[in-house]
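Before any comments, here is the structure.
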Amino acid sequence: MTILDNMKSRQYSTHTWKEHPLHPKQANDSTIDWIFLVDLLNFSFWSDIDCIDKSVPHPDRYAVQYKGQLYTGYWSLCAAINRALDKGIPITDPHYYGYTATDKELQSIFASDTKESIPMLNERIRVMREAGKVLCEHFKGSFIHCIKQAHHSANALLHIIIQHFLSFKDIHTFKGEQVYILKRAQILIADIWACFGGEGHGLFTDIDSITMFADYRVPQALYQLGLLRYSGQLKDRLYRRENFPSGSDDEVEIRGNSIWAVELVQRKIREIDPSIKINAILIDFYIWDLAKEIQNQMIIPTHCTRSCFY
């Protein structure tokens with residue numbers, strides 16, 4: 001089946017976001033605080049231990065147990081946040097993670113239920129401190145006020161995010177040109193749009209201007225689907241699990257071409273069926289979910305970049 005056929009059969013829409021068991025089921029002010037924190041920390045979940053990276057994770061890989069299930073990757077972050085909230089820890093309160101909580105208390109939020117610790121723990125605490133203080137000092141203690149200042153414009157909100165929150169400023173130089181990838185800033189807007197069903201806090205009149213979210217998992221799936229092609233030299237580096245420094249030419253090319261590939265998919269889908277409601281966000285959501293489903297079939301490994309940008 002094609003991407004279009006699959007998205008139609010699965011009825012992919014904004015409603016799909018809430019179907020994930022660890023995502024909030026309510027859409028209110030506290031949900032905004034949850035989404036902001038999760039996307040503030042939504043980076044670098046690949047494991048140094050789990051080199052095979054298949055659907056059954058290495059038993060020592062960083063994981064969080066929540067309500068009887070062990071979660072890895074992005075879902076381990078959601079599980080850690082939900083686990084803390086269930087214990088009465090106000091982890092989604094910017095004043096708490098910006099000022100009140102000690103480093104030790106923040107570290108305990110991400111405690112592992114396996115041998116491996118969460119990657120980049122010190123960086124996660126740093127960006128929490130930074131963002132919490134910005135929200136308290138400039139936005140009355142909540143990301144809701146950033147949304148209000150944007151007046152239902154995704155582009156305006158994107159500008160507010162990268163202007164005030166430096167860890168979201170995923171901008172690089174490629175052959176003398178600035179490349180705005182902005183993975184976490186855009187997925188933050190997309191998650192709010194999806195959670196609220198495009199209404200209320202999630203109403204953005206220009207939501208289709210948001211691109212896909214160039215990380216390490218979606219490019220892998222795009223290659224598997226035949227939508228990206230890699231040189232032999234690049235494939236060799238991937239198989240060797242070489243480090244791709246953030247902002248290096250190959251790393252920016254992988255991510256930039258992923259954005260363009262999804263844009264071309266979107267254009268083709270609209271050409272085939274002009275009536276369909278589609279954008280890069282929904283295509284990305286679908287491909288990311290698909291990547292987890294076909295993880296055992298992947299031919300090419302993900303690229304290895306340690307960065308707070310993704």
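Side-chain atoms are counted along with the backbone in the values below, which use heavy atoms only and exclude waters and symmetry mates. Sequential numbering from 1 along the given sequence is applied to the chain's residues. Quick caveat: nothing in here was measured; it's all calculated off a predicted structure.
In this structure, Glu271 does not pair ionically with Arg267, as no charged nitrogen and carboxylate oxygen lie closer than 4.0 Å.
Ring orientation note: the planes of Phe45 and Tyr74 are nearly perpendicular, at an angle over 60° on the 30°/60° scale. In this pair, Trp75 and His23 present their aromatic rings tilted. The plane angle is within the 30 to 60° band.
Both Ile276 and Met212 are members of a single hydrophobic cluster when ILVMFWY side chains are connected at heavy-atom separations under 4.5 Å. In terms of hydrophobic clustering, with Ile, Leu, Val, Met, Phe, Trp and Tyr side chains grouped at heavy-atom distances under 4.5 Å, Ile294 and Val56 are assigned to different clusters. Leu188 and Leu203 fall into different hydrophobic clusters, where Ile, Leu, Val, Met, Phe, Trp and Tyr residues are linked whenever their side-chain heavy atoms come under 4.5 Å apart, directly or through other members. No chain of hydrophobic side-chain contacts below 4.5 Å, direct or via other Ile, Leu, Val, Met, Phe, Trp or Tyr residues, connects Leu234 to Trp260. Connection of Leu166 to Leu158 is not established within any shared hydrophobic cluster, with ILVMFWY side chains joined at heavy-atom distances below 4.5 Å, either directly or through further cluster members.
Considering Gln220, Arg241, Arg217 as possible partners of Asp53, the one that fulfils the side chain to side chain donor-acceptor pair (under 3.5 Å) test is Arg217.
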Donor-acceptor list for residues 32-43 side chains, cut-off 3.5 Å, not counting sequence neighbours:
{"from": "Asp33", "atom 1": "OD1", "to": "Ser142", "atom 2": "OG", "distance (Å)": "3.2"}
{"from": "Trp34", "atom 1": "NE1", "to": "Asn82", "atom 2": "OD1", "distance (Å)": "2.9"}
{"from": "Asp39", "atom 1": "OD1", "to": "Asn42", "atom 2": "ND2", "distance (Å)": "3.3"}

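At least one side-chain heavy atom of Asp273 sits less than 4.5 Å from a side-chain heavy atom of Lys8. With a 4.5 Å cut-off on side-chain heavy atoms, Phe143 and Ile161 count as touching. Two residues are said to be in side-chain contact when any heavy atoms from C-beta on lie closer than 4.5 Å; Val218 and Ser258 fail this criterion. Using a 4.5 Å cut-off on side-chain heavy atoms (C-beta onward), Tyr71 and Cys78 make no contact. Between Asp86 and Lys67 there is a side-chain heavy-atom pair separated by less than 4.5 Å. In this structure, the side chains of His201 and Ile144 come closer than 4.5 Å at one or more pairs of heavy atoms. You'll find the side chain of Met128 reaches within 4.5 Å of the side chain of Ile91, heavy atoms only. Put simply, the side chain of Phe165 does not reach to within 4.5 Å of the side chain of Val127, judged on heavy atoms.
Judged by a 6.0 Å distance limit and a 45° cone about the ring axis, Arg306 is positioned over the six-membered ring of Trp46.
Of all non-hydrogen atoms in Ala154 and Phe204, the two that sit nearest each other are N-CD2, 3.6 Å. Pairing each heavy atom of Ser209 with each of Asn155, the nearest pair is OG-ND2, 3.3 Å. Considering every non-hydrogen atom in both His152 and Asp206, the closest pair reads O-OD1, 4.0 Å. Across all their heavy atoms, Glu116 and Ser47 have their closest contact at OE1-OG, 2.8 Å. Of all heavy-atom pairs between Asn6 and Tyr286, the closest is ND2-OH, 2.9 Å. Annotation for Phe168 and Ala185: closest pair CD2-N, 3.4 Å, computed over non-hydrogen atoms.
Gln224 contributes a side-chain N or O that, together with a main-chain N or O of Gln297, makes up a donor-acceptor pair within less than 3.5 Å. In terms of modelled atom types and a separation under 3.5 Å, the side chain of Gln186 and the main chain of Ile181 share a donor-acceptor contact. Judged purely by atom type and a 3.5 angstrom limit, Lys183 has no side-chain atom pairing as donor or acceptor with the backbone of Ala214. Within the 3.5 Å criterion, the main-chain N or O of Phe213 finds a donor-acceptor partner in the side chain of Asp284. No donor-acceptor pair closer than 3.5 Å links the side chain of Arg124 to the backbone N or O of Cys308. Under the 3.5 Å distance criterion, the side-chain polar atoms of Arg229 are left unmatched by any main-chain donor or acceptor of Tyr223. Of the possible donor and acceptor atoms, one in the side chain of Thr114 sits under 3.5 Å from a partner among the backbone N and O of Arg61. Between the side chain of Arg83 and the backbone N or O of Ile109, at least one donor-acceptor pair lies under 3.5 Å. In terms of modelled atom types and a separation under 3.5 Å, the side chain of Ser153 and the main chain of Ala150 share no donor-acceptor contact. Remark: the backbone N or O of Glu253 is paired with a side-chain donor or acceptor of Asn257 at under 3.5 angstrom.
Summarising the geometry, atom CG belonging to Leu4 is positioned 7.5 Å from atom CD1 belonging to Ile278; distances are rounded to the nearest 0.5 Å. How far CD1 of Ile192 is from CD1 of Ile147: 4.0 Å, rounded to the nearest 0.5 Å. Asp249 CG to Phe174 CZ: the interatomic distance, rounded to the nearest 0.5 Å, is 5.0 Å. The CG atom of Asp208 lies 7.5 Å from the CD1 atom of Ile281; values are rounded to the nearest 0.5 Å. Note that CH2 of Trp17 and CG of Leu282 are 13.5 Å apart. Values are rounded to the nearest 0.5 Å. Taken to the nearest 0.5 Å, the CG atom of Leu77 stands 6.0 Å off from the CD1 atom of Ile118.
Under a cut-off of 6.0 angstrom, the local environment of NE2 in His15 is sparse, with at most 12 non-hydrogen atoms contributed by other residues, nucleotides or ligands. Shown here is Lys268, whose NZ atom has no more than 12 heavy atoms of other residues, nucleotides or ligands within 6.0 Å. Within a 6.0 Å sphere centred on CD of Glu293, other residues, nucleotides and ligands contribute more than 12 heavy atoms. By the neighbour-count criterion of 12 heavy atoms within 6.0 Å, atom NZ of Lys115 is sparsely surrounded, having that number or fewer from other residues, nucleotides or ligands. Counting heavy atoms of neighbouring residues, nucleotides and ligands inside a 6.0 Å radius, atom NZ of Lys25 exceeds 12 of them.
Residue pairs meeting the side chain to side chain donor-acceptor pair (under 3.5 Å) criterion with at least one partner in residues 158-169, sequence neighbours excluded, are Ser167-Arg184.
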- Task: Begin with the C-alpha distance, continue with both residues' side-chain angles, and end with the deciding distance and a verdict on salt bridge (Lys or Arg N to Asp or Glu O under 4.0 Å) for Arg10 and Asp289.
- Result: CA-CA 12 Å; Arg10 299 183 187 202; Asp289 286 342; over 6 Å; no
- Message: Let's go through Leu238 and Phe244 carefully: what are the C-alpha distance in whole Å and the side-chain angles of both, what is the deciding distance for side-chain contact (heavy atoms from CB on, under 4.5 Å) to 0.1 Å, and is it a yes or a no?
- Response: CA-CA 9 Å; Leu238 292 168; Phe244 287 71; 4.0 Å; yes
- Query: Are Trp193 and Ile210 close enough, and set up right, to give a side-chain contact (heavy atoms from CB on, under 4.5 Å), and what steps lead you there?
  - Reply: CA-CA 11 Å; Trp193 171 72; Ile210 298 297; over 6 Å; no
- Should Cys146 and Leu135 be marked as a side-chain contact (heavy atoms from CB on, under 4.5 Å) after you check the CA-CA gap, both sets of side-chain angles, and the distance that decides it? CA-CA 9 Å; Cys146 299; Leu135 286 173; 4.2 Å; yes
- Message: What verdict does the side-chain contact (heavy atoms from CB on, under 4.5 Å) test give for Ile269 and Ile283, after you've listed the backbone C-alpha separation in whole Å, the side-chain angles of each residue and the deciding distance to 0.1 Å?
- Response: CA-CA 10 Å; Ile269 288 174; Ile283 296 171; 4.2 Å; yes
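Between the side chains of Thr305 and Tyr310, a donor-acceptor pair is found at a separation under 3.5 Å. A donor-acceptor contact closer than 3.5 angstrom links the side chains of Ser30 and Asn28.
Among residues two or more places apart in sequence or in another chain, the salt bridge (charged side-chain N to carboxylate O under 4.0 Å, His left out) test is passed with Arg237 by Glu242, Asp250.
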